[in-house]
Every structure is written in structure tokens, then in C-alpha cells.
Amino acid sequence: MKKTLAVALSLAAGSMAAVAFSDPGPEWPMWGGTPDRNMVSSMKGLPTTWDLKSKKNVKWMAELGSQTYGNPVVSGGYVLVGTNNEAMKDPNVKGDKGIVMAFRESDGQFMWQAVHDKLAAGRANDWPFQGICSSPLVENGIAYYVSNRGEVMAVDLDGFRDGTNDGAVKDEKLSRETDADILWRYDMMEELGVMQHNMANSSPVAFENMIFVSTSNGQDESHVNVPSPRSPALIAIDKTTGKLVWEDQGVGENILHGQWSSPAVGSIGGVMQVVVGQGDGYVRGFEIKTGKRLWEFDLNPKDSVWPKTRNEVISTPIIVDNVVYIANGQDPEHGEGVGHLYAIDATKRGDITPVIRKGDKEEPNPNSGQLWHYGDIRRSISTGALYNGILFYPDFSGFLHAVDAKTGKQLWKHDLFAAIWGSPMVIDGKVYLGDEDGDVTILNADRTMKLIAENNMGSSVYSTAVPANGTLFIVNRNQLVALSESK
Ligand SMILES: [Ca+2]
Ligand SMILES: [Ca+2]
């Protein structure tokens, strides 16, 4: 690990700016770029057209595994991405594994990889060939992520290339130059009894000395039983020691399916909160130091029925100016259906769902935190981007919705004619959005709809375009592509 002046300076700047996350700056060190997860960057000069065949505006390309559901993060000269082992970067590592690959940012050179065996339980907890779905968080030369085995991992960003085995973990099975140098690991299955449904996927977020992770605790394969109802849904872990700081109370037997929303962090009404979607279809805010539940909001109408009309929540909430924006949806395997998008006043406390049930009766909640509801959206697993008063939110049916962030009124919607798994990224006033057909559509991030370009990536884009240091990073099913304007 390198301890540099730059790190010390960024630490100082980080603590000063801790409550006002805005632009991520030149790097993209986590899912969403900043803890509030708003998918917006002011970076200039990124390409809007490219061609993978002729290599127009292609800086470099690197081979990933055969299925890639992780989103790239860029920090400290590295690009990290979760994938599976079908690229066999290390010929000695055979068979299905969860992999995090680290590439050199400047030229795409493969640097090292973290290798995680699959769980013996198979698809119940660790779906074959899905690889690592978590997007790492990089801070001060350390990358944190969740493995396919439900472990929260801390690894050295320089791996073993710095010639030192760092951290408390010294007995790495693989410890050559191209292997991951593990600092600590926290096994959520062993320590908390978590039984993640199909896959543990959370993308960590940090505040001060803690990182926050959704456990993915869920139903078993019966899709009826929750085998571990007392396990938490959200935890805080000490960044240095890897020890548990707090756990939330979880949602018990009320988990509809899995828990795959990742937490966001922000200052809301002057209170630092962790906000996350949970397994019962609610989004909740927690006091950051203690994990105390501050508020909860049911993202479904009270008369909805799982799985026909009641949804789970897979999207990550975004926090902008004391407001939480989030849509609900279902696992892509469940297909299309109705969805709901909300703006929530998260300064309120308690149950802030707009409608409450009293016995058999439903009545308006005088303590409602609903600022608006947008009902034209379909099921969504995407995370929003709020820019210049416009919320961009896609759905799994292939529509990108542009919504006035103050009123919730539709400004326009655009049909991409393919399922959308990833999230919109606003860069320098333009929205970039990938789809299952492999097209990356670019539109003006404006109140009127204007298509700028469509560029195909050769295979499905399940990820989100990421800007860093003047380069655009896009992952398709099995490649990491770095794009920049050729000089
Ligand atoms: Ca090291
Ligand atoms: Ca180590």
C-alpha cells in the first residue's frame, strides 16, 4: 500500500466535504461516484461516438469473464470490475469462480485478480457463473466489495505488486504478483447467519470509519421460507478492523424474495443517514452512527399483491437536497410489470408511507413523506440520475423517463426498445444509458428530448457507463472498454 501526500490531502478534503457530496471529481471510486449515489459527473470532453470494430475513440479493451454484472470503478490508477472466471486470466485457476479483476487505468494491462470459490449450496446462495456483482468502493488505497460467498472484503489496491503482504490476513492461498492481497474479510453467512437469495451483491459505501453493506439475506429456494429471519439486512463494519459496528433489526419473515438494493449515504436535514431498499419493499433511513431506524416508506400501494403487483426493491436510492428518489421493481427473471417511482422527504420520522392501514381501513397518513409519486414507470432495477432539476429514471421495459424533480411531472420518455438493467449516467449535460441489445444511447440531459447518438457495444450492456480522468469506461457482457476522444 502506498501512503502518499495525495492520500493525506484527499482525506482532509473528504472530511471537510463529508456532508455535501456533489461531483465525484476526476475519479469514480464507488457505485454512483459519491456516497449519495447520484449518477452525475461534470467531466468534459468524453466521446459521444465510437466504434469497437474500427477502434474509433477506443483507447483500449480488456477481456472479462463470460458474464459481467459488476460495474467498473476507477481509482488510484486502477479500474476494478467484478466478473466470472471464464476469461481464465490465471491458467492455474480453473472452473467457476467469483472474480474481481484489476486493470491498469492507462492502458488496460491486467494487474491482479481476487478469486472466490463458489459456495457448495449452488444456485440457492451463489448462482453459477454470475461472478462478483458488487461494485467495489476504493478509499485510500483499499478496495472493499462483497464476494459471491457473502463476505465483505478489504483488499490492497496495489495487490502483491508492492512486494508486501499487507493487512491482518497473511495466509492467502494465492499470493503471486497477479493475486489479491487480502487485508481482512467479514463472512456475513458465518457471523450473522445470512442466507443470501441467489447472490450477495451489495456495493459498499463509507462514512468516516465505517462501511455499510446490505446483506442480501432472503428467502430459500422454496420462495416461501425465510430461513434466517433474524439476520440483519444492513450492517456497518469498521473499515480498519473489519469488525461489526452495528446491524439493523432486519425485516424478519417479510422478505418478499431477496435483498439486492445497495445503501446510499447523505446528510438529510442535518442528520447523516444510511438509506437502503429492503426485502419487504420498503425503503428505510438509518442513523449513521447507531443503525437506529429513523423512517420507513412502503414503495408499494397497500392493496398490491406479490408478485403480481407488489414489487421488491433492487434499485439504489439516491439522495439529493434532503430528498430520496427511488423506484421499485423485480428480479429480471420475473419480467416486466407495473412500477412506482417516488420522491421522499427523508427529514420525517417513523412510518412516512402516504397511506396507512388501521384495521381493515386505509387512510391518508398525516405524517406522509411522499413529495410525489410517478406512476408511468414500469418495474425498474436501475438507479436514478438527477441533474439540473431533472430526474432521469429508466425501467426494465426499456423506457427512459425524464421527470421534473420538483413536481414529479413527466417531461418526456424515450423508448430504447430493449430491457434496461443499468443506470443512466449524466456527464457534462448528456445522459448515457446502455441496454440489453448492447446499445448505449446518448441524449441531451434537458427538459426537451433530443437524441445525440447510439453506439453499439457488441453484446448486452448490463452496467452503467463510468467517467474517470477524461475516459469513459463501459462494460458489456465480457469486455471492459475504455473510450476517449482520439487526438
Ligand atoms: Ca500489498
Ligand atoms: Ca494480506
Side-chain angles (χ1 to χ4, degrees), residues 1-11 14 27-30 62 70 72-83 85 89-90 92-93 97-119 131-132 134-191 200 202-204 206 209-211 213 235-245 468 480:
M1 280 194 291
K2 281 176 278 197
K3 292 268 190 297
T4 61
L5 181 62
V7 167
L9 287 173
S10 74
L11 271 171
E27 298 198 328
W28 195 264
M30 71 188 85
V73 298
V74 186
S75 185
Y78 293 88
V79 186
L80 306 184
V81 60
T83 185
N85 190 41
K89 295 285 184 198
D90 181 344
N92 297 312
V93 175
K97 308 279 180 192
I99 303 278
V100 173
M101 290 182 189
F103 299 93
R104 190 158 60 202
E105 184 188 353
S106 58
D107 61 2
Q109 170 73 33
F110 170 69
M111 299 302 279
W112 55 264
Q113 66 178 2
V115 176
H116 298 271
D117 292 340
K118 297 295 279 186
L119 290 167
I132 302 268
S134 167
S135 306
L137 158 72
V138 183
E139 249 192 34
N140 307 324
I142 300 171
Y144 307 89
Y145 63 93
V146 173
S147 79
N148 53 297
R149 300 176 66 85
E151 303 154 309
V152 185
M153 301 293 302
V155 302
D156 180 1
L157 189 58
D158 288 322
F160 286 115
R161 287 184 174 267
D162 58 3
T164 313
N165 188 339
D166 293 284
V169 174
K170 304 286 187 196
D171 61 346
E172 286 90 346
K173 270 193 288 181
L174 302 167
S175 57
R176 283 162 308 168
E177 201 178 43
T178 53
D179 294 315
D181 178 0
I182 299 166
L183 306 178
W184 54 257
R185 69 156 62 77
Y186 182 87
D187 188 332
M188 295 189 285
M189 297 184 80
E190 197 176 292
E191 304 283 345
S202 186
S203 300
N209 63 319
M210 292 177 284
I211 59 169
V213 164
I235 58 171
I237 293 185
D238 186 293
K239 281 197 301 206
T240 313
T241 63
K243 299 273 188 285
L244 188 73
V245 178
L480 167 62

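Quantities reported herein were computed from a predicted structural model and do not represent experimental measurements. Note that ligands are numbered from 1 as they come in the structure, with each ligand's atoms numbered from 1 the same way.
- Between the CD1 atom in Ile237 and the CG atom in Asn209 there is a gap of 12.0 Å [rounded to 0.5 Å].
- Separating the CG atom in Asp238 from the CH2 atom in Trp184 is a distance of 8.0 Å, to the nearest 0.5 Å.
- Using modelled atom types, one side-chain atom of Asn85 and one backbone atom of Val93 make a donor-acceptor pair closer than 3.5 Å.
- Rounding to 10 degrees gives 80° for the angle at the Ca ion (ligand 1) between O of Gly159 and OD1 of Asp162.
- Excluding waters, the set of protein N/O/S atoms under 3.0 Å from the Ca ion (ligand 2) reads Asn165 OD1, Asp166 O, Val169 O, Glu172 OE2, Asp181 OD1, Ile182 O.
- Lys173 is linked by a salt bridge (Lys or Arg N to Asp or Glu O under 4.0 Å) to Asp117, counting only residues two or more places apart in sequence or in another chain.
- A salt bridge does not link Arg161 with Asp158: every distance from a Lys NZ or Arg NE/NH1/NH2 to an Asp or Glu carboxylate oxygen is 4.0 Å or more.
- Within 6.0 Å of NZ on Lys170 lie more than 12 heavy atoms contributed by other residues, nucleotides or ligands.
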